[in-house]
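A short worksheet on the structure shown next.
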Amino acid sequence: MVAVGFLIYGLGIAPAYYGLGIFAPALVDDLGLTRQQIGQMFGAFTFTYGLVSPLAAAVIRRWGIRATVTAGALCAASGFWVVSEASSATELYLGYSLVGGIGIGFSTLLPAQTIPIFWFRRYRARATAIILSGAAIVGFLWQPAAGLVVESWDWRVGWQIVAVISLLVAAIAVLFIRNQPSDIGQRRDGLPPDAPDGLDAGGTGHGIEAPLAAGDSETAGASAPKGALLWALRTPQFWLATFATAANTVPWRVMSAHGGLHLEDLGFTPFAASAILGVRVGSSLFGRLSGSLGDFMAPTRVLALALLTTALGLLVFVSASSPVVAYPCVFAIGVGYGLAYTSEVVVFGWFFGRAAFVGSTGVRIALIGVIGALGPVLAGGAADRTGSYAGTLWTLAALAVLGAASIWFCRPPDRSVLTGGPRTEQ
């Protein structure tokens with residue numbers, strides 16, 4: 001299941017998410033778009049896949065992960081094919097931002113984060129790290145490949161390739177996804193049905209996860225305790241963790257949409273810019289895998305350190321006019337993002353368990369979709385007005401620092417309200 005999650009997440013989201021930034025210069029030249037329109041397109045894309053996440057959560061609860069991923073991947077493939085045939089900004093918005101965004105929302109983000117929560121407890125952070133590294137590896141390979149596609153053919157061929165990859169994701173989902181361990185006679189972490197379920201997610205005695213609450217048992221794949229989602233939304237931990245997620249996501253989305261344009265403004269060629277941004281995505285692999293630390297120490301601390309790393313990279317990236325400066329900057333940004341991205345999932349699993357993870361994460365992704373949609377739009381508009389991304393990058397660095405401060409001291413909420421038992425906060 002880790003391997004399947006790795007494939008559906010990497011192949012499902014990376015080509016579309018990271019491809020737009022590489023295709024952006026060609027789109028601007030061929031269709032006469034502005035930089036703000038590129039930002040709006042990417043912002044609307046992330047807004048859409050975030051907005052449908054609560055619906056994806058309901059579908060997962062009703063029909064399971066496999067059906068959700070399959071339907072979403074087929075939807076995404078149809079949208080990206082429309083993009084390949086587009087002749088106007090309207091058609092790009094329809095294919096990429098709307099149809100493609102809906103498909104991505106169902107097939108990648110929430111399913112990929114749900115798999116390690118449903119299938120693992122003792123090795124949850126490690127499983128999450130490997131699954132989420134799929135986007136880093138595919139993105140690292142895809143960005144320079146997309147640059148070569150543009151140089152050898154054009155951006156339309158690139159989007160046709162993205163559509164075919166989405167069809168491959170649908171096939172993988174149908175053939176290999178299983179919804180929960182009980183479907184194959186196992187418990188989490190691959191334990192046999194009669195094995196005891198440990199209370200420590202890290203297996204180290206550090207209390208990385210609170211004891212089981214209602215809905216955390218091995219039979220809880222389909223339904224959550226009544227009121228679990230509303231309870232999660234009322235906790236301050238939900239809002240602090242969501243703010244930290246926004247502090248990680250918004251800078252990454254701005255870099256994905258505008259990073260290539262910023263580097264070209266600094267004097268880099270399109271191919272050099274794509275290679276540098278490929279390192280950013282590749283280095284996020286190291287960060288995502290390092291998120292395994294959440295099995296051994298409080299994942300909130302890991303998340304805070306990751307955000308501080310991102311902030312440092314952004315501050316220097318403002319004036320990274322030579323490769324000697326640009327490569328270390330994007331490496332730090334990639335490591336920080338990857339480490340935070342894995343930790344976000346582990347933090348929500350630590351805070352809310354299986355009882356409320358799917359519902360609360362669906363709401364979190366939706367909120368981040370709304371917040372994150374503004375970043376690329378505002379960044380593009382500021383660049384059109386001032387001719388620079390400097391102010392935007394300084395602001396994003398400050399956001400990352402605030403996110404780190406907000407999450408550093410967070411502890412899990414009291415889950416005893418779901419069971420009527422003793423307090424489970426640790």
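- Across all their heavy atoms, R411 and A298 have their closest contact at NH1-CB, 4.4 Å.
- Salt bridge R122/D189: absent, no basic N to carboxylate O contact under 4.0 Å.
- The backbone N or O of A383 lies less than 3.5 Å from no partner atom in the side chain of H258, so there is not a single donor-acceptor pair.
- Between the side chains of S87 and E91, a donor-acceptor pair is found at a separation under 3.5 Å.
- Between F42 and Y17, a ring centre-to-centre spacing shorter than 6.0 Å is recorded.
- Counting only distance, with no hydrogens or angles, the side chain of R61 and the backbone of G359 share no donor-acceptor pair below 3.5 Å.
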Next on the checklist: side-chain contact (heavy atoms from CB on, under 4.5 Å), that's the test. Do T309 and L339 meet it? Break it down for me.
Outcome noted: CA-CA 9 Å; T309 302; L339 182 58; 5.7 Å; no
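- The two residues A311 and A400 make their nearest non-hydrogen contact at CB-CB, 3.9 Å.
- W252 has its ring centre no less than 6.0 Å from the ring centre of Y341.
- In this structure, N179 contributes its side chain and I65 its backbone to a donor-acceptor pair below 3.5 Å.
- S53 contributes no side-chain N or O that, together with a main-chain N or O of A56, makes up a donor-acceptor pair within less than 3.5 Å.
- In this structure, F45 has its ring center under 6.0 Å from that of Y49.
- Ring-plane geometry between F286 and F331 is classed as parallel, the angle between the planes falling under 30 degrees on a 0 to 90 degree scale with a further cut at 60.
- Checking side-chain atoms of Y96 against main-chain N and O of A16 turns up a donor-acceptor pair under 3.5 Å.
- Q37 and Y93 form no side-chain donor-acceptor contact under 3.5 Å, judged by distance and modelled atom types alone.
- In this structure, R234 fails the cation-pi test against W239, since its NZ or CZ atom is not both closer than 6.0 Å to the six-membered ring centre and inside 45 degrees of the ring normal.
- Stacking of R364 on the aromatic ring of F348 is recorded, both the 6.0 Å distance cut-off and the 45° axial limit being met.
- What you find for A129 and S292 is that their closest heavy atoms are CB-OG, 3.6 Å.
- We find the OG-CG distance between S321 and L266 to be 6.5 Å, quoted to the nearest 0.5 Å.
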